2 protein chains.
Amino acid sequence: MITIKDIAKLAGVSYSTVSKALNHDPRIKHTTREKVLAVAEKHHYRKNIMAQQLSSGRSNIIGFVLDELNNPLFANISGNLHAELKKLGYQMILVVADEGMDVLDHLRVDGCIFWDYEMTDRAAFWKRFSNIQIPCFVLGTDDSPNSPYIKIDRKEGIYKAVEHLRNNGHTEIGFIGNSQPIKLEGYREALQRTGLEWNKDYILPAYSSWEDGYFAIRNYEWTSKSPTAFIGLNNMVTRGALRALLEAGYKVPSDISLIGYDDLPDMQYAEVALTTIGPPLDELAIQAAELIVALIRGEQVQYPVIIQPQLYHRQSVASYKAT
Amino acid sequence: MITIKDIAKLAGVSYSTVSKALNHDPRIKHTTREKVLAVAEKHHYRKNIMAQQLSSGRSNIIGFVLDELNNPLFANISGNLHAELKKLGYQMILVVADEGMDVLDHLRVDGCIFWDYEMTDRAAFWKRFSNIQIPCFVLGTDDSPNSPYIKIDRKEGIYKAVEHLRNNGHTEIGFIGNSQPIKLEGYREALQRTGLEWNKDYILPAYSSWEDGYFAIRNYEWTSKSPTAFIGLNNMVTRGALRALLEAGYKVPSDISLIGYDDLPDMQYAEVALTTIGPPLDELAIQAAELIVALIRGEQVQYPVIIQPQLYHRQSVASYKAT
DNA sequence: CTGAAAGCGCTTACAG
DNA sequence: CTGAAAGCGCTTACAG
């Protein structure tokens with residue numbers, strides 16, 4: 001493997017000159033830089049980032065830690081984040097699963113963004129988080145002890161959905177999915193704010209997958225007092241629920257209205273183009289990239305950064321009609 | 001940031017002893033190792049992997065390079081691969097997009113697996129590939145100049161699909177998607193092998209997304225000689241096509257049979273549980289993990305490793321009935 | 001404008 | 001069983 005010293009010999013200069021030339025140090029004469037660059041190119045020299053990081057403390061790499069990849073949401077966020085970080089001069093590497101935290105801390109990337117994943121043990125997470133030695137923050141968390149974070153105001157998002165349904169005359173509004181407490185809280189508060197009644201039977205149990213949403217509806221026992229509108233926990237649950245509704249013979253939106261959480265492209269291509277609420281995903285990436293770079297630079301930052309979910313109107317909500 | 005030297009001082013031993021203790025070198029006395037480990041633990045010592053790699057040449061990290069994350073197939077493969085590599089003592093990091101190649105080569109991970117992504121310029125890819133300085137191979141490619149690789153026998157997979165449809169009496173078999181030449185070749189050869197006629201109108205243009213499949217069917221002009229069965233390019237195209245078929249009033253499988261490529265869980269949860277062909281994804285990960293580790297260890301390996309796609313029978317194929 | 005030298009945090013023969 | 005020393009491939013004051 002070819003190193004800076006090899007290039008130095010081949011170019012007939014000292015290796016510290018090679019280093020500077022490679023880094024476009026302005027003190028190096030133009031012609032010698034060209035010469036060095038040509039030799040490096042010719043011999044397929046690749047800088048050893050590990051050595052660079054060890055010596056200078058910079059790797060220009062940022063880690064993004066996810067607990068899973070099965071939600072298309074993450075593909076979307078990763079893609080956007082990668083693009084934004086690139087604009088700022090960083091590469092992004094992804095680590096999936098719990099060990100991600102350790103990997104990146106050990107790897108000494110410049111900074112690290114965690115998606116606020118479903119933790120089995122939040123206390124343990126924050127304890128480990130506080131021991132991380134590199135700049136980092138949690139994206140999409142609702143609170144982060146003594147450290148910057150980006151919050152998605154999910155409760156407000158749910159409120160916008162409930163309000164929209166309420167404005168369309170719905171008074172019996174259900175929620176599909178019970179795996180995210182913050183969304184259920186938002187649901188409860190939204191009902192209160194819109195003067196509707198909370199009814200625990202209106203929450204259909206579902207974890208997070210397409211099947212969960214599908215079977216939540218399949219297993220639901222309809223009564224004359226059943227909801228006339230539902231909000232789905234996330235993109236997958238919502239699409240599964242939609243399928244089950246259609247299979248059961250309900251028309252969406254004329255019989256049942258449905259709003260999904262997460263505004264992914266998939267949502268508009270569902271059997272019925274889904275009205276959604278969710279954070280603007282492009283903005284999310286921009287804010288995340290800016291925050292991590294600010295932290296790396298040691299700048300003062302205001303936090304939390306709050307992202308407001310938006311309501312995206314499509315075809316899955318209709319006015320309530322008494323039957 | 002705490003280093004090996006800090007630990008050495010605190011534990012009252014030399015830092016080379018600390019290094020050995022941390023690496024469970026058997027020459028270190030049990031009691032001193034315990035002491036060192038306790039001190040390290042107490043001060044949240046984290047080994048600097050960059051330094052370890054620089055010094056020893058090993059990072060125990062393997063890179064997986066993808067060109068995109070939008071196909072659920074990749075989430076599945078990544079997850080499986082991560083799990084398999086972990087069993088073998090490695091961590092996996094993911095890099096998305098073209099720069100992935102450069103990032104990992106610069107980063108000097110121990111080894112690197114490329115998904116055979118859709119390249120705009122294959123020649124350029126192989127040129128760069130051949131310059132990579134670390135053990136690496138391409139997963140899912142059909143050929144790899146002078147280097148090990150894992151081939152998915154896609155042609156044979158397509159053949160199994162065509163044969164299955166043929167056995168069910170279908171003689172007019174279409175293919176949805178024209179972005180993967182190897183699959184089209186397989187399709188053509190399969191028709192020949194089963195004694196069916198090739199008809200260019202039976203190939204519906206579609207790139208790779210759900211929408212592509214959906215609109216391929218929507219835009220298709222049906223005639224009395226239209227196919228009675230289709231094979232979909234990948235999971236997304238197939239599901240999009242299925243939706244469009246159902247919307248157009250075709251019953252699947254009684255009017256039209258459909259086989260999808262890629263056996264992801266999503267496929268069985270489609271409106272009609274989809275019969276699929278595709279590589280066994282668990283086996284794919286096992287083989288990939290074993291191959292990269294063998295390459296890192298410098299072992300001789302037989303290549304190509306060939307993965308045979310399987311046919312997974314579900315509900316989307318029926319016998320042809322003349323109308 | 002260029003180079004010699006120290007140092008980043010580890011590992012690893014080698015000596016004892 | 002432990003330690004002193006060299007070295008991995010870079011960067012960066014510092015001297016010239």
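Values below: all heavy atoms of this structure, side chains included; hydrogens, waters and symmetry mates excluded. Keep in mind that what you see is a predicted model, and the values were worked out from it rather than measured. Each chain gets a letter, A, B and so on, in the order its sequence line appears, and its residues count up from 1.
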B/Thr141 and B/Trp115, any side-chain heavy atoms less than 4.5 Å apart | no
Could you pull out the protein-nucleic contacts involving nucleotides 12-16 of chain C (nitrogen or oxygen on both sides, under 3.5 Å)?
| from | atom 1 | to | atom 2 | distance (Å) |
| --- | --- | --- | --- | --- |
| C/dT12 | OP1 | B/Arg58 | NH2 | 3.1 |

Among A/Phe64, A/Phe129, A/Trp126, the one residue meeting ring pair (Phe, Tyr, Trp, His ring centres under 6.0 Å) with A/Phe114 = A/Phe129
Atom-to-atom span, CG of A/Asp25 to C1' of D/dT11 - whole angstrom | 11 Å
Are any non-hydrogen side-chain atoms of A/Leu94 and B/Leu69 less than 4.5 angstrom apart?
-> yes
Beyond-backbone contact of B/Gln52 with B/Asn60, side-chain heavy atoms, under 4.5 angstrom = yes
Integer-rounded Å distance: D/dG7 C1' and A/Met50 CE = 17 Å
Atom pair distance, as rounded to whole Å: CG in A/Asp6 and P in D/dG9 | 8 Å
Determine: side-chain N/O of B/Thr3 to OP1/OP2 of C/dG9, distance under 4.0 Å, yes or no.
-> no
B/Met1 CE to C/dC8 P, straight-line distance once rounded to whole Å | 14 Å
Of A/Ile28 and B/Leu22, whose nearest nucleotide on DNA chain C comes first from the 5' end?
-> A/Ile28
Here the distance between atom P of D/dC8 and atom CG of B/Leu54, to the nearest Å, is 9 Å
Where are the stems of DNA chain C, defined as at least 3 consecutive Watson-Crick or wobble G-U pairs with both distances under 3.5 Å?
-> C:1-3 with D:14-16, C:5-12 with D:5-12, C:14-16 with D:1-3
If you count the non-hydrogen atoms of other residues, nucleotides and ligands that lie under 6.0 Å from CD in A/Glu299, is the total more than 12?
-> yes
